[in-house]
Amino acid sequence: MDRRSFLRTTSKISLLSLGLTIANSLEGGTVEASPKFKDYPFTLGVASGDPLPNGVVLWTRLAPDPLNGGGMPTRHDVPVRWEIAADESFRNVVRQGVAFARASLGHSVHVEVDGLQPGREYFYRFKTGAELSPVGRTKTLPAWGAHVSNLSFAFASCQQYEHGYYTAYRRMAEEDLDFVFHLGDYIYEYGPNEYVAPGGNVRSHNSPEIMTLEDYRNRYALYRSDEDLRAAHAAFPWIVTMDDHEVENNHAGGIPEKGQSPEAFVARRAAAYQAYYEHMPLRRSSLPHGTTIQLYRRFAYGNLAEFHVLDTRQYRDDQANGDGTKPPSPESMNPNRTLLGSEQERWLLDGLGRSQARWNVLAQQVFFSYRDSKIGDGELLSMDSWDGYPANRDRILRFLVEKKISNFVVLTGDVHANWASEIKADFQDPNSPTIGAEFVGTSISSGGDGSDATNQHILAENPHIKFYSNRRGYVRCLVTPETWQTDYRVLPYVSRPGAPVTTQASFIMENGKPGLHRAN
């Protein structure tokens, strides 16, 4: 069955008939009022996310046996006390309460705390039975429209567990940041050694390729078993969105990459969405409903920056030309093709048009700028990126020009390398105005140690692309009303723990001047 036939078939399947809808799961079941655990239940750590000026989401999951389904009673909900304080010693507790670790949601806990002060640091913890969780640090956003003088954040993506250690997260946790974006590929779905780094794998996945809800839960637990990842979660609030490997490589909406029956892929995707929600500090508005999960949303950092978090995977048309890196074709150039879906595209343009912020930012997954990998005549473009959906990109670029939206920035993951690019009003015309900048972040570990390759042929073919690096790490952004500075923070190796971090390159964009300048 080809992918288009598959999509037509899956649209006729009712997920309700598969018994996978979890919208009613928060109603709860039998409560275990005095829980006793065979081992420490907070093995997956704590996290916070989706910060607002008056609140934040607090997360944990009870999992005394994390790699074997969690080790909790399958039918019992468990009360969990939570506290949030203005000080790390918890002498000044400002909010507290009891939440339930629901069996139907893998005994995860999502507490939406409100009534907090804007732009403030807080500390939080959980307690259940006689067990106390680690302490996490979080921070609220500034008040709506407030004048803000500076912002410091990082973004990351692509953390194939087998390919390397998560030292980049340890170094990130040592930074002074307001929040972190994760732009996708939090887990990888493959079985052991199905995806091998160039230098060989240094760790192993814990099961064959994951398919079921328990499979996905165990895989998230494996990734969260890394203490450096837990440290970064505990240090800052995270704003997350998924890409493809949280379900399956290069799937497009309801269309799988590999041959699966419609029923099997619908069930797999629903299991993946539920496990993602269970393990991320997301609000109830992101609780999966049927075959969808709500991940595109907006965050305003006072009047300094507005962030539009996108979902470029769930609503896209199938990749053109059978996917891969191909020349453009009438199929890929079809003006009706979409990466975002019509509803999300309207939401994005409406938000950009209404924004009063100094900086207007897309936090998203796949390469936005034009990138031709064929040297000389002809073109070779990634059909999985925005190059495979140029009409959708052109609609956004035209809107930016028509509405005179300045200081446009795109943050990107996915491609396991650092890139910096100037965004052109028309990528087919090198002389067209520069209207923004794209900063692409390398992987945390995917691809192994990396190399010092410079990819000069790609830079020469694409003069709007100003930088490339094949090292692992993360990206740090320092923002003021007058400048946006992006620091590419890299590690010399991930094949063993303990690497130092350095800034390989920094680029600055000035307010009202969208070109990139390399900083010393």
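All residue numbers refer to positions in the sequence shown, counting from 1. Since this is a predicted model, take the numbers as computed values, not measurements.
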Counting C-beta onward and ignoring hydrogens, is there a side-chain heavy-atom pair between [X] and [Y] closer than 4.5 Å?
X: L282; Y: W59; result: no
X: V501; Y: M172; result: no
X: R95; Y: W82; result: yes
X: L141; Y: F179; result: yes
X: E510; Y: H517; result: yes
X: Q159; Y: H182; result: yes
X: I435; Y: P514; result: no
X: H163; Y: Y188; result: no

Measure the acute angle between the ring planes of [X] and [Y], then classify it against the limits of 30° and 60° as parallel, tilted or perpendicular.
X: Y468; Y: W419; result: perpendicular
X: W347; Y: H308; result: perpendicular
X: Y488; Y: F467; result: tilted
X: Y186; Y: H233; result: tilted
X: Y315; Y: Y296; result: perpendicular

For this session: State whether the side chain of N462 and the backbone N or O of I458 hold a donor-acceptor pair below 3.5 Å, judged by distance alone.
Result: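 Side chain of N462 to backbone of I458: a pair is present.
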Any Lys/Arg nitrogen of [X] or [Y] sitting under 4.0 Å from an Asp/Glu carboxylate oxygen of the other?
X: R125; Y: E83; answer: yes
X: R354; Y: D350; answer: yes
X: E461; Y: K374; answer: no
X: E246; Y: R313; answer: no

Hey, are [Y] and [X] close enough side-chain-wise for a donor-acceptor pair under 3.5 Å?
X: R268; Y: Y216; answer: yes
X: R472; Y: S443; answer: yes
X: N392; Y: T338; answer: yes
X: S421; Y: K466; answer: no
X: Y389; Y: T312; answer: no
X: Y223; Y: R219; answer: no
X: Q160; Y: H416; answer: no
X: N250; Y: E257; answer: no
X: D487; Y: S506; answer: yes

Seminar exercise, completed: In F439, F307, Y474, W359, the residue satisfying ring pair (Phe, Tyr, Trp, His ring centres under 6.0 Å) with F153 is F307
For this session: Please say which of D243, T241, T412 ends up in a side-chain hydrogen bond (donor to acceptor under 3.5 Å, both in side chains) with Q364.
Result: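 It is T412, the one option of D243, T241, T412 that forms the side-chain hydrogen bond (donor to acceptor under 3.5 Å, both in side chains) with Q364.
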For this session: Using a cut-off of 6.0 Å, state whether more than 12 heavy atoms not belonging to D176 lie near its atom CG.
Result: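 Counting neighbours around CG of D176, 12 or fewer heavy atoms of other residues, nucleotides or ligands fall under 6.0 Å, so no.
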Exercise. For atom CD of Q428, is the number of surrounding heavy atoms from other residues, nucleotides or ligands below 6.0 Å larger than 12?
Worked result: yes
For this session: Could you walk me through whether Y370 and L381 pass the side-chain contact (heavy atoms from CB on, under 4.5 Å) test, one step at a time?
Result: CA-CA 8 Å; Y370 175 82; L381 308 176; 3.7 Å; yes
Exercise. Is the NZ or CZ atom of R224 both under 6.0 Å from the centre of the six-membered ring of Y220 and within 45° of that ring's axis?
Worked result: no
Exercise. Cation-pi between R358 and W484: NZ/CZ under 6.0 Å from ring centre and within 45° of the ring axis?
Worked result: no
Exercise. Given Y301 and F299, is the ring pair (Phe, Tyr, Trp, His ring centres under 6.0 Å) satisfied, shown in steps?
Worked result: CA-CA 7 Å; Y301 200 83; F299 297 89; over 10 Å; no
For this session: Any chance you could measure L362, atom CG, to F368, atom CZ, to the nearest 0.5 Å?
Result: 6.5 Å
Problem set entry | Worked check of salt bridge (Lys or Arg N to Asp or Glu O under 4.0 Å) between E174 and R171 | CA-CA 5 Å; E174 294 165 357; R171 301 296 169 248; 3.0 Å; yes
Exercise. Given R316, which of D384, D323, D244 fulfils the salt bridge (Lys or Arg N to Asp or Glu O under 4.0 Å) condition?
Worked result: D384
Exercise. Does the side-chain contact (heavy atoms from CB on, under 4.5 Å) test come out yes or no for L295 and Y276, once each step is laid out?
Worked result: CA-CA 11 Å; L295 290 176; Y276 184 80; 4.0 Å; yes
Exercise. Step by step, would you call H279 with R61 a side-chain hydrogen bond (donor to acceptor under 3.5 Å, both in side chains)?
Worked result: CA-CA 7 Å; H279 290 85; R61 180 186 167 209; 2.9 Å; yes
